[in-house]
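On a predicted model such as this, the values are computed, not experimentally measured, just so you know. Throughout, protein chains are lettered first and strands after them, A, B, ... in sequence-line order, and every chain is numbered starting at 1.
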There are 2 protein chains.
Amino acid sequence: MEKYFAILSRCSLFAGVGREEMGLMLNCLGARERDIPKGEPVFLEGDPAGFIGVVLEGAVQVVRDDYYGTRSVLTVVQPGEIFGEAFSCAGVETMPVSAFALKGGKVLWLDCKRMLTVCSNACQFHNRMVANLLRAVARKNLALSRKIQFMSQRTTKEKIMAYLLDQAKAQGSSEFTIPHDRQALADFLGVERSAMSAEIGKLKRAGILDCKGPWFHLRDTVEEID
Amino acid sequence: MEKYFAILSRCSLFAGVGREEMGLMLNCLGARERDIPKGEPVFLEGDPAGFIGVVLEGAVQVVRDDYYGTRSVLTVVQPGEIFGEAFSCAGVETMPVSAFALKGGKVLWLDCKRMLTVCSNACQFHNRMVANLLRAVARKNLALSRKIQFMSQRTTKEKIMAYLLDQAKAQGSSEFTIPHDRQALADFLGVERSAMSAEIGKLKRAGILDCKGPWFHLRDTVEEID
DNA sequence: GAAAGTATGTTGGAAATCCAACAAAGGAGG
DNA sequence: CCTCCTTTGTTGGATTTCCAACATACTTTC
């Protein structure tokens, strides 16, 4: 566990927690590590809720598949970020979504009930952690609002551009990489992969952007798009 | 303030708070009441964040308008429910959305910073309130996830049905009323009002549902839709 | 380095959406 | 009761998306 202190100290949940307290708190929260091979489920729809997951290595994709098999990508969770916390904090019995490892990696499982119940060991940190958790859940809320903003756009092109402009702003540069492959980006924006691919092609030919794989560059020329 | 105790005691924020503590807490949170006439803004995009609003009477619609004037309805807040909490708890400076009063009504403003800072008067309730707040933010998270689930459907008809099935489940009956008019429902689902209207017409003729204004009835016949 | 498998780009026709404009149905106010 | 105004339903053409199928990289594996 000690080797992941660098990751965990960047985790919003442990903001302001020192190395020595970290160990106590992880113990208090019933932390256990688990390896997930690439492509394998981290948890599945219907699994009992009540946990908070922390990505230590790799990346985790949270998805919801409907009756027809249409997949909706809710979010991609990177090392140091958490998942499952909203469902657990809301008090639902079972998870309404599934999650899969994009790359092989490690996740840390924390018991949400222990987090919300006052403990005897590290109470001075407990309140801080609940405040951290509150902030983390609120931020995830903002992320969902942004996703809704993208999906609210009328055309595929507008959805793509809204997402890319947001990414450029978030990463502070007109050059950036995204955490989705093309299929996942389409599932994230709620559009067809092939149609999206065609629109990206148009945007490239129009000189609006350049891209190669996960790398994008938004040009600052503002011209008419075909 | 006293006259709204019935409403406030049903507010998730004050779960488990008695009548006498309520007054202390409201004072502690810097609560102030405000009347909003029908159609007027409750707050506007760009206004400073840091507050939590509680609807006492009427209803508040939270929206986001993009460059082109396309409106996206994020949520409708009913009496006893709260709004603005996610943005304030996430620590953003200014509100990224606007809100308008659907009917004339009253809202209560609470200072979010005071809620997150330990006070001297009612500390035993303070921790409970932070826990309540966490649960409320997490639940709003679920509501956003459900909205995304509706919007992820490919066709307008599927979006409508997904929403109506969810409402029927939430209200525990195949007959129910929705808090949106047709334009707002379209803005909520991210579709065109006229196209939605046409699809609802088809569903009625197909015997899938019946509706009149905000009232809907989902029939349990499962037949092919034209 | 060849082969198999995966990811991405491209295309064409069918289907659905968008948009604008109008018709019809209600409600509010005089 | 009438008029004005808002909301809801309807229609048709232009646009866009969806879907399936295929072509072309790029990766991985042996």
Practice problem: Among dG9(D), dC18(C), dT11(C), find the nucleotide with the atom closest to the side chain of Arg182(B). | Solution: dG9(D)

Quiz prompt | Side-chain ion pair, Arg154(A) and Glu192(B), N-O less than 4.0 Å | solution = yes

Quiz item: Quick one: does Phe150(B)'s side chain get under 4.5 Å of Leu164(B)'s, heavy atoms only?
Solution: no

Quiz item: Do the rings of Phe43(A) and Trp109(A) sit parallel, tilted or perpendicular, given the 30° and 60° boundaries?
Solution: perpendicular

Quiz item: Which of these nucleotides, dG9(C), dC19(D), dA21(C), is closest to any side-chain atom of Arg193(A)?
Solution: dG9(C)

Exercise. Could you pick out which residue, Ala195(A) or Arg154(A), lies toward the 5' side of DNA chain C when each is mapped onto its nearest nucleotide?
Key: Ala195(A)

Exercise. Classify the nucleic acid contact of Thr156(B) as base, sugar-phosphate or nothing, counting any heavy atom under 4.0 Å across all strands shown.
Key: sugar-phosphate

Quiz item: Could you state the NZ-C1' distance from Lys204(A) to dG9(C), rounded to the nearest angstrom?
Solution: 9 Å

Quiz prompt | Between P of dG9(C) and CG of Leu209(A), the distance in whole Å | solution = 11 Å

Practice problem: In whole angstrom, give the distance that lies between atom CD of Glu199(A) and atom P of dT17(C). | Solution: 18 Å

Practice problem: Send over the distance from Gln183(B) CD to dG26(C) C1', rounded to a whole Å. | Solution: 17 Å

Quiz item: If you find the nucleotide of DNA chain D closest to Lys212(A) and the one closest to Thr155(A), which residue's nucleotide is nearer the 5' end?
Solution: Thr155(A)

Exercise. Mind calculating the distance between CD1 (Ile160(A)) and C1' (dT8(C)) to the nearest angstrom?
Key: 14 Å

Quiz prompt | Lys159(A) NZ to dC18(D) C1', straight-line distance once rounded to whole Å | solution = 12 Å

Quiz item: Would you say Pro79(A) and Lys106(A) make side-chain contact, with heavy atoms under 4.5 Å?
Solution: no

Quiz item: Nearest-Å distance, CG (Leu203(A)) to P (dT16(D))?
Solution: 13 Å

Exercise. Using whole Å, report how far CD of Glu192(A) lies from P of dG12(C).
Key: 18 Å

